[in-house]
Amino acid sequence: RSVLSSVVFSERGLLEELLHEAQTEKTVLQAEVERLRKELEAFDPVFFDELEDLKYNYNSELKKNFLLEERLKAACERLGEEPDVPSGSGT
């Protein structure tokens with residue numbers, strides 16, 4: 001065999017090995033996708049609607065909490081008191 005044919009043969013072997021590895025990874029990923037699909041089937045659309053409602057309500061309560069903390073700070077300042085509000089709360 002010539003040097004060129006040896007190189008081509010060697011590259012072909014490497015490419016076949018890479019192809020086999022890619023096919024194996026594809027099979028693993030397809031199995032994972034199928035598992036995740038089955039897992040998601042357990043949740044109906046109502047679940048996701050409720051989840052969105054919870055996220056909305058949580059954010060609304062955070063805003064209310066922030067406003068109440070601001071009012072408390074202003075009231076304490078008028079009375080010359082130090083407000084007992086944890087730092088970083090509200091947002």
Side-chain angles (χ1 to χ4, degrees):
R1 286 196 305 197
S2 71
V3 173
L4 180 59
S5 66
S6 294
V7 168
V8 169
F9 184 76
S10 175
E11 273 192 33
R12 182 174 182 211
L14 288 174
L15 289 174
E16 287 175 348
E17 186 178 327
L18 286 172
L19 177 61
H20 177 70
E21 288 175 8
Q23 288 171 333
T24 301
E25 184 176 1
K26 178 184 173 186
T27 301
V28 168
L29 291 173
Q30 285 174 327
E32 183 177 357
V33 165
E34 186 58 32
R35 180 186 61 80
L36 291 171
R37 274 199 179 110
K38 287 180 181 177
E39 195 173 308
L40 273 177
E41 286 174 1
F43 301 103
D44 61 356
V46 173
F47 169 80
F48 292 104
D49 290 341
E50 290 174 0
L51 189 59
E52 288 300 316
D53 289 345
L54 286 171
K55 289 182 347 185
Y56 176 81
N57 291 336
Y58 175 74
N59 285 324
S60 294
E61 294 305 315
L62 280 178
K63 290 174 186 174
K64 287 179 191 176
N65 190 48
F66 177 76
L67 292 173
L68 289 172
E69 285 178 359
E70 292 301 311
R71 286 176 151 177
L72 176 63
K73 288 176 188 176
C76 286
E77 197 172 285
R78 283 192 306 271
L79 297 171
E81 295 289 325
E82 189 67 30
D84 186 18
V85 177
S87 62
S89 62
T91 55

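Predicted, not measured: the structure shown is a model, and the values here were computed from it.
Put simply, CG on Leu18 and CD on Glu25 are 11.5 Å apart, with the number rounded to the nearest 0.5 Å. Rounding to the nearest 0.5 Å gives a distance of 10.0 Å between CZ of Arg35 and CG of Leu40.
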N/O donor-acceptor pairs under 3.5 Å from side chains in residues 52-62, not counting sequence neighbours:
unit_1 : atom_1 : unit_2 : atom_2 : d
Glu52  : OE2    : Lys55  : NZ     : 3.1
Asn57  : ND2    : Asp53  : O      : 3.3
Asn59  : ND2    : Lys55  : O      : 3.3
Ser60  : OG     : Tyr56  : O      : 3.1
Glu61  : OE2    : Lys64  : NZ     : 3.2

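Across all their heavy atoms, Pro83 and Lys73 have their closest contact at CG-CG, 3.9 Å.
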Worksheet item: Given the rule in the side chain to side chain contact (heavy atoms under 4.5 Å, CB included) test, do Lys38 and Glu34 qualify, once you have shown the distances and angles that lead to the verdict?
Response: CA-CA 6 Å; Lys38 287 180 181 177; Glu34 186 58 32; 3.5 Å; yes
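Dense packing is recorded around CD of Glu21, with more than 12 heavy atoms of other residues, nucleotides or ligands lying under 6.0 Å away. With a 6.0 Å radius and a threshold of 12 heavy atoms from other residues, nucleotides or ligands, Glu77 has its CD atom at or below the threshold.
Applying the salt bridge (charged side-chain N to carboxylate O under 4.0 Å, His left out) rule to Glu41 yields no partners; only residues at least two apart in sequence or on another chain are considered. In this structure, the ring pair (Phe, Tyr, Trp, His ring centres under 6.0 Å) partners of Phe43, at least two apart in sequence or on a different chain, are Phe47.
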